[in-house]
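Notes for the one structure printed next.
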Amino acid sequence: MIDPRLLRDDPDATAAALARRGVDRAAIEHLRELDARRRQMIAQLDEARAEQAEASKAIGRAGAEERPALIEAAQQYKERVAALEEERDRVVADHEAAFARIPNLPHPDAPDGQEGEGTVVRTFGTPPELDDPKDHVELLEAADALDLARAAKVSGARFAYLKGEGALLEFALVRYAVDVAMRHGHVPVIPPVLVREEAMYGTGFLPTDEQQLFRTRDDELYLVGTSEVPLAGLHMEELLDPDQLPLRYVGYSPCFRREAGAHGKDTRGILRVHQFEKVELFSFVHPDESSDEHERILAIEEEVFGALEIHAQVVDIPVGDLGASAARKFDIEAWLPGQQAYREVTSCSNTTDYQSRRLRTRMRVEQGPNLLVHTLNGTALAVQRAIIALVEQHQRSDGTVAVPSALQPYLGREVLFA
RNA sequence: GGAGGGUUGGCCGAGCGGACGAAGGCAGCGGUCUUGAAAACCGCCGGGCGCCUCGCGCGUCCCGUGGGUUCGAAUCCCACACCCUCCGCCA
């Protein structure tokens with residue numbers, strides 16, 4: 001949710017910023033009208049309530065003989081307040097619904113453009129030289145580290161079994177990534193992965209991404225698509241002391257995505273599956289510090305992949321491809337020899353106060369009004385995609401995979417699939 | 001799954017239809033005292049929204065959440081959530 005006051009105080013600049021994300025002027029005007037009506041209704045209702053309270057208090061002070069007449073006279077206030085409350089509720093609901101669908105204001109430095117038009121900021125690592133690269137499915141299945149056929153029988157398309165060294169690879173990568181994050185001050189967390197609607201709404205996945213979410217039938221809970229959701233919710237409805245900030249976490253959890261609308265896309269292997277595991281970075285920071293924190297999180301991501309000796313590029317995502325809650329986003333795209341393409345392996349977003357406004361996570365300010373904190377999230381390591389990049393880039397002609405030295409202590413071996 | 005108890009401000013804890021945003025205590029902040037500190041004493045000490053003559057003002061809402069009764073609800077009624085105890089089940 002954006003700040004309604006911004007629209008009130010500086011409508012032109014706000015409209016211009018939102019126009020970059022495709023929100024048109026008519027929608028802006030509609031929001032302004034709803035905001036004005038809402039405030040008018042609140043003022044009217046407050047006034048009516050003040051009158052009613054005054055009348056009621058007079059009854060309390062009055063003697064027994066005067067009361068019946070006063071009570072009768074007070075009846076009218078009750079009806080008027082009730083009518084105004086009803087109208088206020090309607091206006092507030094309209095206001096909420098309209099604002100909930102407005103995406104976050106883009107960061108001034110975020111580039112214009114649509115999906116696929118991002119700016120490559122830099123590349124790192126050395127591109128592998130491979131004569132006849134196999135893709136991850138060939139490599140992993142040959143080593144019995146991946147079983148897609150049986151997963152399809154048990155769970156359907158876009159599910160997988162990681163077995164043997166495939167399963168060990170996950171344990172090693174996760175622990176490795178968590179260690180890197182912890183070195184940078186992030187506290188490890190295993191969060192709940194079933195959450196209430198409120199948490200989904202608060203993080204901006206509802207109402208805009210509903211078709212991406214798995215929902216439980218009997219309990220009105222959602223399976224999270226990322227641990228960003230429960231991590232963001234960790235401090236909902238809290239007023240934090242400034243000296244508690246920044247709060248930095250690293251979560252490990254499975255992630256569930258319906259991938260509706262992605263039919264026929266990335267159907268091979270484990271690049272795009274309904275269930276995967278991810279190590280996620282999350283920070284709550286003072287609003288002045290979110291841009292710096294964003295760079296910090298991106299640096300951790302680069303460290304994770306850099307030390308795995310994976311060649312990749314950092315992309316500044318254009319405003320047309322941002323999620324609803326993000327003001328700016330950087331992806332790391334690793335080179336996948338099996339596809340001869342750079343594909344997204346991490347993503348980090350600065351969601352400024354968009355999530356904290358809905359989740360009501362604030363910080364105390366000595367002088368002046370308390371502030372909403374800024375929240376940021378980033379992928380330390382998405383297990384399945386990291387496995388793909390790792391085995392495809394470090395494969396050797398005999399189908400074995402060289403383990404980068406940073407991972408060897410975690411895996412307990414120098415070569416996989418031997 | 002069954003039975004019972006609970007949810008009040010940063011914390012503890014009173015209040016059980018009218019003067020209650022809520023006693024009292026603790027913590028915190030400011031002051032008096034003191035060479036300094038402690039103690040003692042005095043004062044301050046929640047949040048949201050709205051208004052504006054933008055004043056360290058005014059109004060309104062918030063005692064788990066949402067409804068209801070009433071001129072008036074922290075207090076009465078209903079539903080839900082969460083926590084605790086016991087039984088059952090269970091990694």
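Reminder, nothing fancy here: chain letters follow the sequence lines and each chain counts from 1.
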Using the side-chain heavy atoms of A:K78, tell me which of these nucleotides is nearest: B:C61, B:U70, B:G18. B:U70

Is any NZ, NE, NH1 or NH2 atom of the basic residue among A:R25 and A:D12 found under 4.0 Å from an Asp or Glu carboxylate oxygen of the other? yes

Can you tell me how far C1' in B:C51 sits from the matching atom in B:U75, rounded to whole Å? 32 Å

Atom pairs, protein N/O to nucleotides 46-49 of chain B N/O, distance under 3.5 Å:
from  : atom 1 : to     : atom 2 : distance (Å)
B:G47 : OP1    : A:R364 : NH1    : 3.4
B:G47 : O3'    : A:R362 : NH1    : 2.7
B:G48 : OP1    : A:R362 : NH1    : 2.8
B:C49 : OP1    : A:R5   : NH2    : 3.0
B:C49 : O3'    : A:R38  : NH2    : 3.2

Does B:C76 have a Watson-Crick or wobble partner in any strand here, with both distances under 3.5 angstrom, and which is it? B:G68

Roughly how many Å is it from CE in A:M41 to C1' in B:C51, rounded to a whole number? 15 Å

Can you measure A:E198 atom CD to B:G64 atom P for me and round it to whole angstrom units? 17 Å

Should the pair A:F330 and A:H294 be assigned to parallel (<30°), tilted (30 to 60°) or perpendicular (>60°) ring geometry? tilted

Under 4.0 Å between a side-chain N/O of A:Q52 and OP1 or OP2 of B:G72, yes or no? yes

Atom C1', compared across B:C63 and B:G10: separation rounded to whole Å: 16 Å

4.5 Å side-chain heavy-atom contact, A:E165 and A:R413: yes

Do we see a donor-acceptor contact under 3.5 Å between the side chains of A:K278 and A:T226? yes

Can you check the distance between B:U65 and B:A81, where both ends of the measurement are the C1' atom (answer in whole Å)? 7 Å

Taking the P atom in each of B:C77 and B:A73, what is the distance between them to the nearest angstrom? 15 Å

Output yes when A:R328 and A:D316 qualify as a salt bridge under the 4.0 Å nitrogen-oxygen rule, no when they do not. yes

Per A:R49 side chain, nearest of listed nucleotides B:G72, B:U60, B:A81: B:U60

What integer number of Å spans the P atoms of B:A79 and B:G2? 15 Å

Please list every donor-acceptor pair under 3.5 Å in which a side-chain atom of residues 42-50 of chain A meets a protein atom from a residue at least two apart or in another chain.
from  : atom 1 : to    : atom 2 : distance (Å)
A:R49 : NH2    : A:E85 : OE2    : 2.6

Using a 4.0 Å heavy-atom cut-off across all strands, classify A:A50 as base, sugar-phosphate, or nothing. sugar-phosphate

In whole angstrom, give the distance that lies between atom CD of A:E51 and atom P of B:C58. 19 Å

Parallel, tilted or perpendicular: ring planes of A:H274 versus A:F159, cut at 30 and 60 degrees: tilted

Residue matched to B:U60 through Watson-Crick or wobble contacts both under 3.5 angstrom: B:G48

